[in-house]
Amino acid sequence: SAARRRLAANARERRRMQGLNTAFDRLRRVVPQWGQDKKLSKYETLQMALSYIMALTRILAEAERFGSERDWSSLHCEHFGRDHYLAFAGAKLQGDGEPYGPRLFGFQPEPFPMAS
DNA sequence: TAGGCCATCTGGTCCT
DNA sequence: AGGACCAGATGGCCTA
């Protein structure tokens with residue numbers, strides 16, 4: 001019947017969205033979360049993934065420029081220091097033993113326009 | 001209580 | 001035809 005097909009379609013859609021959400025969870029686990037007590041929203045997860053990828057891409061580009069260099073830590077200290085990157089808007093800057101913190105992979109919730 | 005985030009239902013569109 | 005994908009509507013839950 002029609003009602004039966006509707007229910008089946010609802011169940012498929014539910015499963016589809018659940019698959020999407022497990023994908024979001026897997027993404028949350030590999031995206032930086034420093035100083036975030038609660039889990040990132042879907043939108044925040046995507047934005048953080050974007051800035052994370054950008055930052056890593058940037059690091060790769062730097063590494064390529066210094067391709068023949070041997071001492072990685074000197075590169076790290078020289079070029080990825082805290083003040084070379086945008087300040088992290090919302091995060092509390094606790095404990096500063098962390099060289100790669102929010103300042104490096106900063107996601108800024110505000111400046112991104114939702115629509116264009 | 002308003003706003004943010006979310007899950008679900010639903011009908012439309014496109015693909016197989 | 002039937003499934004996948006999508007966006008709009010709706011209601012629940014939580015927090016400032």
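Note that the coordinates shown come from a computational prediction; the quantities given were computed from them, not determined experimentally. Just so we're on the same page: letters track the sequence lines, and every chain starts at 1. Only heavy atoms go into these numbers, but all of them, side chains included; no hydrogens, no water, no symmetry mates.
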Undergrad: How long is the straight-line distance from CG of A:Leu46 back to CG of A:Leu40, given to the nearest 0.5 Å?
TA: 10.0 Å

Undergrad: Provide the closest heavy-atom pair for A:Val30 versus A:Tyr52 in the form atom of the first, atom of the second, distance.
TA: O-CE2, 3.4 Å

Undergrad: Would you mind reading off the distance between A:Leu7 atom CG and C:dG3 atom C1', rounded to a whole angstrom?
TA: 16 Å

Undergrad: Considering only B:dC5, C:dG2, B:dC9, which nucleotide approaches the side chain of A:Asn10 most closely?
TA: B:dC9

Undergrad: Can you check the A:Arg14 CZ to C:dC6 C1' distance for me, whole Å?
TA: 18 Å

Undergrad: Rounded to whole Å, please give me the gap between CD in A:Glu13 and C1' in B:dC14.
TA: 15 Å

Undergrad: Could you tell me how far apart A:Leu20 (CG) and C:dA7 (P) are, to the nearest whole angstrom?
TA: 12 Å

Undergrad: With respect to the side chain of A:Arg16, which nucleotide from B:dT8, C:dA4, C:dG2 is positioned closest?
TA: C:dA4

Undergrad: Rounding to an integer number of Å, can you tell me how far A:Tyr43 OH sits from B:dC5 P?
TA: 10 Å

Undergrad: I want to check one thing: is the phosphate of B:dA7, taken as OP1 and OP2, less than 4.0 Å away from some side-chain N or O of A:Lys42?
TA: yes

Undergrad: What I'd like to find out is whether the side chain of A:Lys39 reaches to under 4.5 Å of the side chain of A:Asp25, using heavy atoms alone.
TA: yes

Undergrad: At less than 3.5 Å, do the side-chain atoms of A:Arg6 and the base atoms of B:dG11 form a donor-acceptor pair?
TA: yes

Undergrad: Might you work through the side-chain contact (heavy atoms from CB on, under 4.5 Å) test for A:Lys42 and A:Asn21, ending with a clear yes or no?
TA: CA-CA 9 Å; A:Lys42 295 177 178 179; A:Asn21 287 332; 3.0 Å; yes

Undergrad: Measure NZ/A:Lys38 against C1'/B:dG4 and give the value in whole Å, please.
TA: 12 Å

Undergrad: Excluding sequence neighbours, so at least two apart, what forms side chain to side chain donor-acceptor pair (under 3.5 Å) with A:Arg14?
TA: none

Undergrad: Determine: side-chain N/O of A:Asn21 to OP1/OP2 of B:dC6, distance under 4.0 Å, yes or no.
TA: no

Undergrad: What is the separation between atom CE on A:Met17 and atom C1' on C:dT10, rounded to the nearest whole Å?
TA: 15 Å

Undergrad: Measure CZ/A:Arg12 against C1'/B:dT16 and give the value in whole Å, please.
TA: 14 Å

Undergrad: Which of these nucleotides, B:dT8, B:dC5, B:dT10, is closest to any side-chain atom of A:Gln18?
TA: B:dT8

